[in-house]
Amino acid sequence: MNKIPFFTEKLLDWYQPDERPLPWKAIKNPYFIWLSEIILQQTRVQQGLPYYIKFVEQFPTITDLAGASQDEVFKLWEGLGYYSRARNLHAAAQMVRDDYAGVFPSTYPEIRALKGVGEYTAAAIASFAYDLPYAVVDGNVYRVLSRFFGIDTPIDTTAGKKEFRLRADELLDRNNPAVYNQAIMDFGATHCTPKAPKCETCLHQKQCVAFRENRVMNLPVKSKKIKKRSRYFYYLVLNKGTKIYLNKRSEKDIWADLYDFLLIELEQQVEGLFLMDALQKTSHWKTWFGKQKIVIDSISGIYKQTLSHQNINAIFIEIQLDASFFVENKDLIVIERKKIKNFAFPKIITNYLEAKKA
DNA sequence: AAGTCGGGGAC
DNA sequence: GTCCCAGACTT
């Protein structure tokens, strides 16, 4: 029996498993645990919970998920963001089906090798599903450890990641990795929070370096500051009778594998009388429409969406095409408008579609 | 090592 | 407005 560090002893003493009941706790099904961990990457429990419930209901086993179409998986993921998670989720399910006969792998290296599973997620699955001694290091853990030990090494550097990983491994209760990992994340999520941490009632107050030195609000440290660029999207919503044209987005940009409309992007915001003139001058317009005359049905106001690295500004231009009209673009698909609910769109598109309906 | 990938909630 | 959330991947 290893000696348990003081920090760990106090943490386990604090932890009350039933205080924050969640459907992926107190289960050992590795598929459900994996699913919950992917959904919760960079996502608050509150936001991810309804998605977890939907996935479990629609795909009771990982083989069910593997057998779904990509459009089905994306539709269920719609609105949650970071859509590469959905693509990797689907691919990993097929890996488990094809390489492991549908049985979720049970060793850390095998779990870590699944698409979309990094160090954190592999440790979480290994400990929660299989009681293997791997310490999780997520945003909660960075915050708790940086404060308790007064570590100001930036967490978004190679040195910082290594330092916190070593520290986390020392603190892990190797006899009870699942409970320890749950406890430290719950503590960070409910007690040692980013803003307004509950230091006054904290059991660690006397030993917490950050509290003693009045540095709680300065930890953890991040070195990088993100820069945002603004983009200006002009969506041509093509309608022909009861049909509508959709575009499936390619891999290189935001919203890969989601659907949107025919898009012209300009370097700046253009409004009012200048808009159609600016659009018709673009090479895109000339390629798609040639010299055919386009009749504009309506032009929306500016829809805005903030992404982690971009500010998106979008204007939607409704166009009714004549039956004889031809659009030179092989990537477009034409569907019945009433089937639009089967396709997954970025939030800014669903916002527009909702507003149009009303 | 730096950049990129969403969306929402708390302040 | 800013920060950051049960991070991972690409270049």
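Within every chain, numbering begins at 1; the chains are lettered A, B, ... in the order of the sequence lines, protein sequences first and strands thereafter.
Atom CD in A:Gln310 sits about 8 Å away from atom P in B:dG6, given to the nearest Å. Distance, A:Lys304 NZ to B:dG6 C1': 18 Å, rounded to whole Å. Atom CZ in A:Arg229 sits about 11 Å away from atom C1' in B:dG3, given to the nearest Å. For the pair A:Trp255 CH2 and B:dT4 P, the computed distance is 16 Å after rounding to whole Å. Per the geometry, CD1 belonging to A:Ile348 stands 12 Å off P belonging to B:dG8, to the nearest Å.
Here A:Arg249 pairs with A:Asp253, A:Asp260 under the salt bridge (Lys or Arg N to Asp or Glu O under 4.0 Å) rule; sequence neighbours left out. In this view, A:Asp277 and A:Lys281 satisfy the salt bridge (Lys or Arg N to Asp or Glu O under 4.0 Å) rule, not counting sequence neighbours. With sequence neighbours left out, A:Lys10 forms a salt bridge (Lys or Arg N to Asp or Glu O under 4.0 Å) with no residue at all.
Across all strands, A:Val136 comes closer than 4.0 Å to no nucleic acid atom at all (heavy-atom distances). The residue A:Asp257 sits apart from the nucleic acid: no heavy atom pair falls under 4.0 Å. Using a 4.0 Å heavy-atom distance criterion, A:Leu80 is classed as a base contact. Counting any heavy atom pair closer than 4.0 Å across all strands shown, A:Arg143 reaches sugar-phosphate atoms only and no base atom. Residue-level contact check: A:Ser36 touches neither bases nor backbone, having no heavy atom under 4.0 Å from any strand. At a threshold of 4.0 angstrom between heavy atoms, the contacts of A:Trp24 include nucleobase atoms, whether or not backbone atoms are also involved. Within the 4.0 angstrom heavy-atom criterion, base atoms lie near A:Gln182. Within 4.0 Å of A:Ser308, counting heavy atoms only, lies at least one base atom of the nucleic acid. Using a 4.0 Å heavy-atom criterion, one finds that A:Gly79 contacts the sugar-phosphate atoms exclusively. Contact annotation for A:Lys252: backbone-only contact, meaning every heavy-atom pair under 4.0 Å involves sugar-phosphate atoms and none involves a base.
Each of A:Tyr82 and A:Pro220 lies near DNA chain C, and the nucleotide nearest A:Pro220 is the one positioned closer to the 5' end. Where A:Gln46 and A:Ala159 each meet DNA chain B at their nearest nucleotide, the meeting point lying more 5' is that of A:Ala159. Comparing A:Lys224 and A:Thr43 by the nucleotide of DNA chain B whose heavy atom lies nearest to each, the residue mapping closer to the 5' end is A:Lys224. Sequence order on DNA chain C of the closest nucleotides to A:Asn88 and A:Arg44 puts A:Arg44 first from the 5' end.
Residues in residues 345-358 of chain A take part in these side-chain hydrogen bond (donor to acceptor under 3.5 Å, both in side chains) pairs, two or more places apart or across chains: A:Glu318-A:Tyr352, A:Glu318-A:Lys356, A:Glu354-A:Lys357. Applying the salt bridge (Lys or Arg N to Asp or Glu O under 4.0 Å) rule to pairs touching residues 26-45 of chain A yields A:Lys28-A:Asp131, sequence neighbours excluded.
A:Arg165 and A:Asp169 are joined by a salt bridge, as a carboxylate oxygen and a charged side-chain nitrogen come within less than 4.0 angstrom of each other. Salt bridge absent: A:Glu119 and A:Lys161 never bring a charged side-chain N and a carboxylate O closer than 4.0 Å.
Taking atom P in both C:dA6 and B:dT4, one finds a spacing of 25 Å when rounded to whole Å. Spacing of P atoms, C:dA8 relative to B:dG8, comes out at 22 Å, to the nearest Å.
Close to B:dG8, at under 4.0 Å from its OP1 or OP2, lies a side-chain N or O of A:Lys347.
Among the nucleotides B:dG8, B:dA2, B:dC5, the one closest to any side-chain atom of A:Gln47 is B:dG8.
Two rings, from A:Phe104 and A:Tyr31, have their centers 6.0 Å or more apart.
Taking 4.0 Å as the cutoff to heavy atoms of chain A, we find the contact window on DNA chain C bounded by C:dT2 to C:dT11.
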